[in-house]
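Contents: one structure, followed by commentary.
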Amino acid sequence: MSKQLIAIWAEAHNHVIGKNHTMPWHLPAELAHFKKTTMGSAILMGRVTFDGMNRRCLPGRETLILTRDKDFDCEGVTTVTSVEEALAWFEQQDKDLYIAGGAGVYKAFDGHYDALIKTTIEADLEGDTYFPQLDMTAFKEVSRDRVAKDDKNAYDFSISQIGRASCRER
């Protein structure tokens, strides 16, 4: 299988993905899914999202930061200043690249995704950042797994694998 450019995100029913530059929920099972899915690959996020993680690089993954600040420098990350630069980086290597936020970054890569991985949290939550509208006409849900809330995870959620529809389905 060839490498892919994949959007990966979690959102509440009301499309909230963030509050004050962090996630407005704590779901260890969803974080474990993110880790398992992205391990050994590359992830790209915007600088504000990276700042919201206290500029912590995730172990076992190559981290790219998309920023307009040409002087941005942080140990352990690759900095790109445009979608075109990120796509050129992607073409020069053999890893999957997961786009991991924020909202403007997801929107900036619209039209370039090979697949989508969406976690839907079964709650309406307060937030100040919403997942953007993407062109979904070329995509079809392939699978969905539901995870029930428990003593460590406050909300039920489902994880959808969304792939490109075949030519016959377009």
Side-chain angles (χ1 to χ4, degrees), residues 1-11 17-18 21-23 25-67 69 72-121 129 131-132 134 136 138-148 150 152-153 155 157-166:
M1 189 167 162
S2 62
K3 66 184 177 182
Q4 294 186 311
L5 193 137
I6 304 161
I8 185 167
W9 77 98
E11 69 176 48
I17 62 171
H21 306 296
T22 62
M23 292 183 295
W25 55 76
H26 179 69
L27 297 170
E30 203 284 323
L31 291 172
H33 153 73
F34 179 88
K35 180 179 181 179
K36 179 181 175 188
T37 301
T38 61
M39 189 58 70
S41 299
I43 57 172
L44 179 144
M45 66 188 79
R47 191 219 19 100
V48 173
T49 299
F50 188 54
D51 286 349
M53 297 172 39
N54 297 316
R55 294 192 175 188
R56 185 176 61 88
C57 293
L58 300 176
R61 287 148 283 191
E62 186 165 353
T63 302
L64 283 79
I65 303 302
L66 178 62
T67 179
D69 181 357
F72 180 82
D73 186 36
C74 184
E75 186 177 337
V77 305
T78 299
T79 302
V80 293
T81 58
S82 68
V83 170
E84 294 75 22
E85 187 178 351
L87 293 172
W89 178 92
F90 178 65
E91 290 303 319
Q92 297 299 313
Q93 54 79 52
D94 61 356
K95 295 178 182 175
D96 286 337
L97 176 59
Y98 289 89
I99 307 302
V105 174
Y106 289 121
K107 187 67 177 171
F109 282 89
D110 194 12
H112 297 285
Y113 296 120
D114 298 305
L116 313 170
I117 302 172
K118 174 185 174 183
T119 297
T120 304
I121 299 163
T129 308
F131 194 79
L134 299 181
M136 300 294 283
F139 294 94
K140 178 181 176 183
E141 186 174 72
V142 175
S143 68
R144 181 183 302 200
D145 295 314
R146 189 169 184 283
V147 179
D150 59 23
K152 293 182 181 175
N153 297 278
Y155 306 104
F157 63 91
S158 59
I159 301 168
S160 298
Q161 304 286 331
I162 305 164
R164 286 206 168 268
S166 70

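Both backbone and side-chain heavy atoms feed into the values below; hydrogens, waters and symmetry mates do not. Count residues from 1 along the sequence.
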### Task
Carefully, step by step, assess K118 and T120 under the rule side-chain contact (heavy atoms from CB on, under 4.5 Å).
CA-CA 6 Å; K118 174 185 174 183; T120 304; 3.3 Å; yes

### Query
Passes side-chain contact (heavy atoms from CB on, under 4.5 Å), M53 versus T22? Steps please.
CA-CA 7 Å; M53 297 172 39; T22 62; over 6 Å; no

### Query
Where do T67 and T79 land on the side-chain contact (heavy atoms from CB on, under 4.5 Å) test, with the steps shown first?
CA-CA 7 Å; T67 179; T79 302; 3.6 Å; yes

### Stepwise side-chain contact (heavy atoms from CB on, under 4.5 Å) test for L134 and K107
CA-CA 7 Å; L134 299 181; K107 187 67 177 171; 4.3 Å; yes

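Between Y106 and P132 the shortest heavy-atom distance is CB-CG, 4.0 Å. The minimum heavy-atom distance linking A103 with T129 is given by the pair CB-CG2, 3.9 Å. Pairing each heavy atom of C57 with each of E75, the nearest pair is SG-O, 4.0 Å. The minimum heavy-atom distance between T63 and I65, with the atom names listed, is CG2-CD1, 3.8 Å. R47 approaches R55 most closely through the heavy-atom pair CD-NH2, 4.1 Å. Between V80 and A86, the closest heavy-atom pair is CG2-CB, 4.0 Å.
Of the inter-residue distances, the one linking L116 atom CG with E141 atom CD reads 10.5 Å to the nearest 0.5 angstrom. In this structure, NZ on K95 lies 11.0 Å from CD1 on I43, to the nearest 0.5 angstrom. To the nearest 0.5 Å, the span separating CG on L66 from OG1 on T49 amounts to 10.0 Å.
Annotation: side chain of V77 is not in contact with side chain of L64 (no heavy-atom distance under 4.5 Å). Contact check for L44 versus E62: no side-chain heavy atoms found under the 4.5 Å cut-off. Taking 4.5 Å as the limit, every side-chain heavy atom of P28 sits out of range of all side-chain heavy atoms of E30. In this structure, K35 and L58 have side chains that are not in contact, with every pair of non-hydrogen atoms separated by 4.5 Å or more. The closest side-chain heavy-atom distance from T119 to W9 is not below 4.5 Å. Residues I117 and Q161 have side chains in contact (heavy-atom distance under 4.5 Å, counting atoms from C-beta outward). Contact annotation: the side chain of L87 approaches that of H112 to within less than 4.5 Å [non-hydrogen atoms, C-beta and beyond].
Not a single donor-acceptor pair under 3.5 Å links the side chain of Y155 to the backbone N or O of I121. Between the side chain of R56 and the backbone N or O of N54 there is no donor-acceptor pair closer than 3.5 Å. With S82 contributing its side chain and E85 its backbone, the two residues share a donor-acceptor pair below 3.5 Å. D96 contributes no side-chain N or O that, together with a main-chain N or O of S41, makes up a donor-acceptor pair within less than 3.5 Å. A distance-only check finds a donor-acceptor pair linking the side chain of T38 to the backbone of F34 [under 3.5 Å]. Side-chain N or O atoms of Y113 include none that pairs as donor or acceptor with a backbone N or O of Q4 at under 3.5 Å. A donor-acceptor pair under 3.5 Å is formed between the side chain of K3 and the backbone N or O of Q93. A donor-acceptor contact shorter than 3.5 Å links the side chain of D114 to the backbone of L5. Put simply, the side chain of S160 never gets that close to the backbone of I162: no donor and acceptor are under 3.5 Å apart.
Side-chain contact of E91 with W89: a donor-acceptor pair under 3.5 Å is absent, judged by distance alone.
Taking the six-membered ring where tryptophan is involved, the planes of F72 and F50 are perpendicular, since the angle between them exceeds 60° and thus also 30°.
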